[in-house]
Participant: 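Sharing a structure, written as structure tokens. Questions coming.
Below, chain A is the first sequence line, B the second, and so on; all start at residue 1.
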Amino acid sequence: MLRATEILQAHAYDVSGNFVGRVREMFIEPAEQANRISRLLLGRGRFQPLLAKWDQVAFVAPGTVRLAVDERLLGPFTPNEAWLAVRKDLLDQQIIDTHGRKVVRINDIALNEVRTNGNVELRVTQVDVGLPGAAGRLLHGLAPTDMVRRIQDRLPPRVIPWEFVNLIEPDALRRVKLRLTGHRLARLHPADLADIMEELSPTERESIIASLDKQTAAGVIAELDRRLQTQVVEKLAPEHAADIIQEMEPDEAAHLLARLSPETSEELLEELSREDARDVSELLRFGEGTGGWMMNTEFIFVGEDATRQEVVNWIRSREIHPDEVDTVVLIDARAIFAGVVPLGRLLLSSDDRLMRELRSEPPVSATSEMGEREIFELFDKYNLRSLTVVDEDNRPVGIITVDDVVGRMRSKL
Amino acid sequence: MNWPALTTRIRTTRERTESKPGFRGRFRVWRRRIGVFLAVLGPGIITSNVDNDAGGIATYSQAGAQFGYALLWTMLPLTLLLYIGQEMCARMGVATGKGLSDLIREEFGFRSTFFVMLAGLFVDLGNTIAEFAGVAAGASVFGVSKYIAVPIAALLVWVLVVRNSYSRVEKIFLAACVFYVTYIVSAVLAKPYWPDAVRQTLVPSFHMNTPYIVMLIGLVGTTVAPWQFFYLQAGEVEKRVARRQYKDVRMDVILGSVTSMAVVFFIIVCTAATLHIAGITNITSAGQAAMALKPLAGRWAAGLFAFGLLNASLFSASVLPLSTAHVICEGLGFEAGLDQKVSEAPIFYGLYTGLIVIGAGIILIPKAPLFKILLLSQVANGVWLPFVLIFILLLINRKDLMGDLTNGPVFNFLAWTTSLAMIVVTLVWIYLSIAQPGASPGILLLPH
């Protein structure tokens, strides 16, 4: 195994043993192969630097590079944005470890030598984010390589395999050129991704949101803390922001819009579809900390005289998000709130039971004007997992789930 | 409610809050402005208050006692210098959203960062020792032995921070900084000869004798301590101040540096009008320094002074080791933060605990060469400062990092001139510290 620091500054010789220059930089071409060092930049003092391609390298050892060709066959160097520079873009920079779910800083890069006919290819295997890399950076050039390596071997390693490394490139154009996508990030839980975002700088946060698909971005934004939430959304183009908001739950979207400046939220509402705008604006009516503010308007309600069989079939026949099935709200013939059936009861009962028989007693509900303190007390008193919110005519308009309550209570701690 | 109605609602709210003419409308606009300002207020003011720590109070008291009003002319340039340094860091924090050590690491590589951090560690250890020396001195006024007070203080600080209750206590510390007002009142009650004080403030004078120069450099070193740049920038990053709020940040920094220097001004005037007049030109104990508060507090002066000193020491002792551990770990890429477990961030907790244990421990050694250690830490502080300033200047002029928030030519000129002046001043200081170690200030409150 080699380390990037051992090769940067290495002396390079051509096939006849003439000194060509020192390795100033190494490039990866993600478009060709994501882990191959494809070019070495050889600096020669005041002369123009040269580029050696991977198939022109014959031998690599710490401090020494031998080329398989004559110096005259090397090309001149022109900067290329589509190349990833090991020293400039990787060393000392922050990356996201998608496996460990955190932001880390690269100390060094581990390279593997792959020998093919007559030349040596360098492949990036993992990045070093621990003490061995730090010691190497500190001691490199001051102590002989063997000694540095012996010290490094004694230190506890901390490495991240290259396939879990997610680079953070603030420049959107360059991100495309480097073929950086957010698909690895999208596999993280939105809450983890939100934690990661909080450790980054504003431009880096923007770049992450830009690289995610709409659904994931919506989930992440909903999980961010308030201050970050508004900052991130206000930086987005209105159309993009509206696309993301459209993916959110109505209550999340309403909370977000209420926190934005009036100018921005007005602009965003204009971008939303009529239906979404209506849902969200209904929620925006309620003051912060009331039942109406906390509730989600997407919930399942059925007639109290339906049988269990009918309800289950109806739920199956629709594209309903599993989270919404946690509670089924019952209404009577006049659409008045008539109680709730928790998921457990629905699951365990026989097909022919009426929904009315399955409801939990007593039927508890909150009004949309009710203060959060009262709502917390209801949850605590009746050990609720969800609470139906009704309007002045006692018709269900939304549902508050226990996660809304926990989130709200935590923000008060 | 439907869609057009909603837009109307938002529009009317906005009109209500913003554009209604007349007094109430303007009042609302002002209230909103003040609200926004209060939201970003903090890092500058806190940093400045933490900066007026035990070593600071000692140095300022000594400056007034020894030289009367003769050093007051440094107040205006020092305020400018403090503002320039702090403003650059606050601006960098807002523009990049990254800490100073992160930026140094990303732009100058591992090795530079390592040495800057190593130097910072030693300097901050020296400062931490000074904080516990302040605790010892404050406790001695109440007749409490340092062998009891310092371990309790160290434990208190450690538990406070690790249990994550610091943010609540911070407000108490900050509120207790009202203590500095006593110096203002006391200064007025002491009836200083104001015409002389004002003249000496506005007209620079220079005396070519060693104690004067050493005290001058001591004043610069204590007011513009390098660690506060890291601390302030981290504060701005943590507050997540948006770029458009930058004007408010600048107000915060101005407010912080001006109030901080006003406190220094009044401590000097106060001690000059009390101790210097009385012929006490060399403060050797906290009890003597407390005499400055006699005009206000009478026989309670010693207690009041000790209270203020204890508060200042504990405040800084809670902030300094923690921020040092943070800065170092972030710069070098180790896990950091109180939300991590000890096993996840061993270096962070090790550094933090080590700073407190060693800082407090050295005070407890019966015959420790406190004098030499503090002297060394002050020299290190001075050596470190120009390097940090140069890193700041190199970073802040990078367009790719700062965008349109780079330094303007006037600011650059002032900043580079002051940095070079600091280097010269520091070299003179180091020379004098080595040549005449007995003359250095800032070590006056050490209990004997």
Participant: Of all heavy-atom pairs between G97(B) and P202(A), which one has the smallest distance, and what is that distance?
Facilitator: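 Taking G97(B) first and P202(A) second, the nearest heavy atoms are CA-CD, 3.6 Å.
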Participant: For W158(B), I'd like to know if atom CH2 has over 12 heavy atoms of other residues, nucleotides or ligands within 6.0 Å.
Facilitator: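 No, because the 6.0 Å sphere around CH2 of W158(B) holds 12 heavy atoms or fewer from other groups.
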Participant: Heavy atoms only: give me the nearest L139(A)-R111(B) pair and the separation to one decimal.
Facilitator: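 Between these two residues, the closest heavy atoms are C-NH2, 4.0 Å.
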Participant: For chain B, which residues from residues 85-98 of chain A have at least one heavy atom closer than 4.5 Å to it?
Facilitator: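 At a heavy-atom separation under 4.5 Å, chain B is reached by D92(A), Q93(A), Q94(A).
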Participant: Between K102(A) and E344(B), does any NZ, NE, NH1 or NH2 come within less than 4.0 Å of an OD or OE carboxylate oxygen?
Facilitator: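 Salt bridge flag = no for K102(A) with E344(B).
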Participant: Tell me, for F110(B) versus chain A, whether the close heavy atoms (under 4.5 Å) come from the side chain, the backbone, both or neither.
Facilitator: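 Looking at F110(B), backbone and side chain both touch chain A.
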Participant: What do you reckon, is CZ of F387(B) surrounded by more than 12 foreign heavy atoms closer than 6.0 Å?
Facilitator: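 No, the 6.0 Å shell around CZ holds no more than 12 heavy atoms from other groups.
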Participant: How about CZ on R101(A), more than 12 heavy atoms from neighbouring residues, nucleotides or ligands closer than 6.0 Å, or not?
Facilitator: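 Incorrect, the count does not exceed 12.
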Participant: Under a 4.0 Å threshold between the charged nitrogen and the carboxylate oxygen, would R105(A) count as salt-bridged to E330(B)?
Facilitator: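 No, this pair does not count.
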Participant: Pick from N107(A), L200(A), V129(A): which one has the most heavy-atom pairs with chain B under 4.5 Å?
Facilitator: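 With the most close heavy-atom pairs to chain B, the winner is N107(A).
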Participant: So which part of E204(A) gets closer than 4.5 Å to some heavy atom of chain B, the side chain, the backbone, both or neither?
Facilitator: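 Just the side chain, heavy atoms under 4.5 Å.
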Participant: Between T113(B) and R137(A), is any pair of side-chain heavy atoms under 4.5 Å apart?
Facilitator: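 No. Closest side-chain heavy atoms not under 4.5 Å.
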Participant: What are the two closest heavy atoms between E335(B) and V104(A), and how far apart are they?
Facilitator: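 Minimum heavy-atom separation between E335(B) and V104(A): OE2-CG1, 4.3 Å.
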